J.: 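This is the structure I have questions about; it appears just below.
Here the structure is a predicted model, which is why all the values come from computation and not from measurement. So you know, we letter chains A, B, ... as the sequences are listed, proteins then strands, and number each from 1.
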2 protein chains.
Amino acid sequence: MKVSIFDVAKKAGLSVVTVSRVLNNASTVREKNRQKVLQAMKELDYHPNAAARSLAKGKTGVIGMIVTTLQDSYLDNIVQTVSVLLRDHGYYLALSVANHPLEEGAGSYLIQEDRVDGLLILAAVDEEPYVMELKKRKIPFVLIDNQKNHPAVSSVTVDNFKGGYEAAKHLIDLGHRSIAHIQGPPYFLSATERERGFMQALKEEGLEPFSLEPGEFTIQSGYEVVQKWLAQGDLPTGLFAADDFTAIGAVNALRQAGLRIPDDISVIGYDDQALASELRPRLTTIRQPAVQMGKMAVDVLMKQINGVNKRSTTLKLNPEIIVRESTAPPQ
Amino acid sequence: MKVSIFDVAKKAGLSVVTVSRVLNNASTVREKNRQKVLQAMKELDYHPNAAARSLAKGKTGVIGMIVTTLQDSYLDNIVQTVSVLLRDHGYYLALSVANHPLEEGAGSYLIQEDRVDGLLILAAVDEEPYVMELKKRKIPFVLIDNQKNHPAVSSVTVDNFKGGYEAAKHLIDLGHRSIAHIQGPPYFLSATERERGFMQALKEEGLEPFSLEPGEFTIQSGYEVVQKWLAQGDLPTGLFAADDFTAIGAVNALRQAGLRIPDDISVIGYDDQALASELRPRLTTIRQPAVQMGKMAVDVLMKQINGVNKRSTTLKLNPEIIVRESTAPPQ
DNA sequence: TTGAAAGCGCTAACAC
DNA sequence: GTGTTAGCGCTTTCAA
């Protein structure tokens, strides 16, 4: 019924060991025999059993990736990149969604039961528990876009301070003096760093922000801040939103009120979500180097798994400003 | 180094079988011994090896789910629902992204190497290859939101004809007579069904559509259609877009041209994406019952795995119209 | 270059 | 209730 390596061996007139060798691309198999084995496999429609291989080899051939949300084109880009790259390295990617961090079972099954050879933690709200557990279990892992700095842990992040700085600098260079910032949630290091960069750029020009408004990385929060300003009858000429969703919400409210962008007010977002370039006006934003992040993360993880790198590696990549239609000199 | 069931048995002063029993919640273990085992496990920080269990049991305890895109809140809702429900059934969910259907390795590793006990195929562009392979390998699976009808295959779909019909009916009931439709890609059954429903509703009123425009389920395509209309200087009073992205693109173009929604033109979308209710005007749309779909899919799959249902089950759920701000009677 | 034998860590009979 | 004995399907020594 179930065809095993034994059936193949019998059909090919060779031993299971030889079959196993061709399965693992061992070079010590006579070409003629290799063909015989391959032929037998095909005829029997044989497929090796992953559990048995994992048990015998002590490794699974899969890399796990824990993600919180999937509705984010920037994160999606990272996932897609990682998926392809891992395949090139002979690994499969198994995604696990964990909306509530450390939730019972969420992703932790990958860790606890040795179902993966390595793990990638993507933009976790709180990566702490994973870090603790993974270190204890000695499973290689890399944090991507993590919140905190963990000693002796490999990670790939983006310089959010620089991103915030460049966003503000862009507005300043265009001539804006009245510049506001809608923040991200304060428990995100990325959010506070962007704000720090923003403030630094203003400070260098001796500028004070028009205002700093709390936001939540959501369309709704951007919309509401603008509504508030509108009600007060006072607007900045430039706005740096902590992420594209916030920016889009702000733009939405602004245009609904009959204001023109960038004529009446310039808006710059962050992340370069797909939406940013799909909706008009196309949003000026700070792009996260998603592809490069995925590449680096896989690189570091592979080296760690292969024992090339014993020490942890911390990479901080640079964001890139993408100037589109939502920013211009103030009128 | 690695602590195994043997170590636990030794420490607890019992046999491995007993340990195995508490691992599997067998009721035939004296409470006192169960505690001893539990205690030993804790002290040794023991965690069972998934590969060994899978090999011995002949099942893995994981359900695979193949997804194409992750940037879709409707699909995301299904995934989240499924994830939680499976956990309740004692299974883990492993997601596999397959942008290019049947791409080498994409998801197929789950199938080929018996890494899962069952599979959920979510909104595949072309599920055919999966169906063939899964049937051959006799792995239980359920298609969700599939394109074609496959004989003897379980699936959970939504009645797109009805959705299209209701969308059109809504506009008609509001008093619209000049109604256009922006289609989805013709190779999606969902798209053509929505159009059929739309046409049926119009036909019942003796109405001809203002026009039928090709679209691609993208913001861009909705935007461009409206641009074309604008250039021609002729607009319908009501528009049914094949999905929310298309609708949002259309709304975007309309408002950019200074038109008001729903005053000048009513727009209804499809899917009830998160965006639909986040952007203003909040979009009237046809909601897919994502939670119910996830629930049904898990239900059917579990029954199939447990041998309760030998025959295939085909469920077609009803969509629901969500009336918001983007539709109103024509002026 | 090939094969026999001994596990990998766990569970499924079957006895006790 | 509990333990003994065989495997699950594959890879890994070690010989030949």
J.: Check the distance between D:dC10's P and A:Leu23's CG and give it to me in whole angstrom.
T.: 7 Å
J.: Do any N or O atoms from the side chain of A:Thr157 and from the backbone of A:Leu315 form a donor-acceptor pair under 3.5 angstrom?
T.: yes
J.: Which atom names give the shortest non-hydrogen contact between B:Gln288 and B:Asp145, and what distance separates them?
T.: NE2-OD2, 4.5 Å
J.: Mind checking if B:Thr28 touches a base, just sugar-phosphate, or nothing, with heavy atoms under 4.0 Å?
T.: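 The residue B:Thr28 makes base contact.
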J.: For A:Val29, report the nucleic acid contact type (base, sugar-phosphate, nothing); a contact means any heavy atom under 4.0 Å.
T.: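 Result for A:Val29 = sugar-phosphate.
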J.: When you check every protein heavy atom under 4.0 Å of nucleotides 4-9 of chain C, what one-letter string (B, S, -) results, 5' to 3'?
T.: BB-BBB
J.: Has the side chain of A:Asn49 got a donor or acceptor atom that lies under 3.5 Å from a matching backbone atom of A:Ala51?
T.: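 Side chain of A:Asn49 to backbone of A:Ala51, a donor-acceptor pair under 3.5 Å: yes, one is there.
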J.: Evaluate the ring planes of B:Phe188 and B:Phe217, with Trp represented by its six-membered ring, and classify them as parallel (under 30°), tilted (30 to 60°) or perpendicular (over 60°).
T.: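 Judged by the thresholds at 30° and 60°, the geometry between B:Phe188 and B:Phe217 is tilted.
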J.: Do you know the tightest heavy-atom contact between B:Ala123 and B:Leu75?
T.: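 In terms of heavy atoms, the two residues are closest at CB-CD2, 3.9 Å.
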J.: Quickly work out the B:Glu113 CD to D:dC10 C1' distance and round it to whole Å.
T.: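 In whole Å, D:dC10 C1' lies 12 Å from B:Glu113 CD.
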J.: Quick check: does any side chain N or O of B:Gln147 sit under 3.5 Å from a backbone N or O of B:Asp126, one acting as donor and the other as acceptor?
T.: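 Absent.
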J.: Does A:Thr18 place a side-chain N or O at less than 4.0 Å from the phosphate oxygens OP1/OP2 of C:dG3?
T.: yes
